[in-house]
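Worksheet for the structure shown next.
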Protein chains: 2
Amino acid sequence: MATAGSGKARSRTSDTYARIRDDVILGHFAPGSKLKIEALRERYGLGATPIREALSMLTADGLVERVDQRGFRVAEVSSGEFEELLAIRCNIEERALRLAMERGSEEWEEAIVLARYRLARTPRLGPDGSTKDLEWENCHKGFHMALTSACGSPILLRLCNQLYDENNRYRCIARLNPSARPNIYDEHEEIAEAVLARDADLAVRLIVEHYTTTGRLLHAALCSREEAAALKDQSAAAKAGPGHRAATRNPERV
Amino acid sequence: MATAGSGKARSRTSDTYARIRDDVILGHFAPGSKLKIEALRERYGLGATPIREALSMLTADGLVERVDQRGFRVAEVSSGEFEELLAIRCNIEERALRLAMERGSEEWEEAIVLARYRLARTPRLGPDGSTKDLEWENCHKGFHMALTSACGSPILLRLCNQLYDENNRYRCIARLNPSARPNIYDEHEEIAEAVLARDADLAVRLIVEHYTTTGRLLHAALCSREEAAALKDQSAAAKAGPGHRAATRNPERV
DNA sequence: AATATAGAAAATATCGATAAAATCTTGACC
DNA sequence: GGTCAAGATTTTATCGATATTTTCTATATT
């Protein structure tokens, strides 16, 4: 998830950006929850400046929302938005992938081989539980980013990154059980093979399938989650009685 | 260009974000030039915090680049990137436009009528020169954003905004003479008509043409600009003599 | 002449303090 | 019982100062 520390002198702002981003993506901060500066200051042991800068970046990434004079909060999620996200992502990745396959050098091919190996060797979950999860997430992102890395367009790379992160947040939030995708290993292998063979049409077909298959599962999980939330909301409203102030929206759930 | 001040209590950070963004888009800061905090502090009469926050947001928008420990600079431009940008933008806008036309209410229609009127009545250039230009830019952005505003997807709206801004920077930098697009008024009218008539295919065709026509001109202007720059670079290198330190890349040109 | 280097100058990144807003609380009032 | 408002509290937004890091400059070295 976090772009591994290849460059040297990272600033606190960059570190904090990565950390908060991961916390949002992994669902440590629930959608809609408030991100108080003071709380984050304490959590990460920093001054306000790097935190505010990191949050500002995340705002433009679409993971955090800012309202002037009343701070930052984690962006909301919805099944509708997820569908949109998925469609856009397929589009953008197709472009990037085709370009990368046209332009990619041997170095690029080697980077893919390496990323594939790392992903294959990393267990999805540690024996104890979710400890290893972050590492797998890193490898997974590394693999997908490697595929398009040679597209040669900064703007495409930026979008791929942002869309991956946003999509990934949905996956984490939906708490999709890894067993729901048993062939995920093979899918990655096939994709890598097609890309390395520079079979553009096949590669695109496979990757779009890869995304939409996960997408369908995610969508289902999200919808049932939304229904549950709606029910809870309803019953909460009923309990509070009619005429109660309509502050039920945007509950805190930090 | 700046999102007109409808909401009340805007923070200095938001104002600064809009101002720097406009300065970058309008070409007041040349591509690649350094954005020194102290200089901006002076220019806008503010502390460092809001400026750094604004720059951080622009970073994620793709208008500014940050390198840890050595500050911010205006993103570079290239004709290749512009092509990519244009293609992506057509894609995204098509999605957004179709959705908006499916979902748009009467309010949305009225917003378009209003934006069209404002754009039509605003002169491209004041009699004195470029004074009015900013106002026209505002109206132009307002018009284009109004078309897709009803798409219902925050992520699409965010992308439309970002891509509009990036595209617009290219237009400003290329210093395209308005007379190069004599029918621009009619084009906007036709687009508005098609959208209001909810003729999706026509509207999409018109808007893509609108973008690509400008795009072709822009592209040509950019290429000749790049050639000129390459020539200058070359002669500069020759003048400095061989063996001179290769610091010729990234000239300051503030 | 090219390279290396120590020190000076400039710029960035960050902190702690504070002013300005928002939010919450409490009690008066209809 | 519900609304409203003054005051207390929390939170945000911003500034000014400072530690770190980079960049520049002049000098010494091969």
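None of the values given here were measured: they were computed from a predicted structure.
The two atoms that bring B/C172 and B/E137 nearest to each other are SG-OE2, 4.1 Å, heavy atoms only. When every heavy atom of A/F82 is checked against every heavy atom of A/G215, the shortest pair comes out as CE2-O, 3.5 Å. Shortest non-hydrogen contact noted between A/A60 and B/A60 is CB-CB, 3.3 Å. Nearest heavy-atom pair, A/A146 versus A/I112, reported as atom, atom and distance to 0.1 Å: O-CG1, 4.0 Å.
A salt bridge links A/R95 to B/E84: at least one charged side-chain nitrogen sits closer than 4.0 Å to a carboxylate oxygen. Salt bridge A/R41/A/E38: present, at least one basic N to carboxylate O contact under 4.0 Å. Comment: A/K36 does not engage A/E42 in a salt bridge, judged by the lack of any side-chain N to carboxylate O separation of less than 4.0 angstrom.
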Please tabulate the protein-to-nucleotide N/O contacts below 3.5 Å involving nucleotides 7-9 of chain C, giving atom names and distances.
none

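Using a 30° and 60° split on the angle between ring planes, B/H144 and B/H140 fall in the perpendicular class, above 60°.
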- Per-nucleotide protein contact along nucleotides 12-19 of chain C, 5' to 3', at a 4.0 Å heavy-atom cut-off (B base, S sugar-phosphate only, - neither), is SBBB----
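The separation between B/I51 atom CD1 and D/dA13 atom P is 17 Å, rounded to whole Å.
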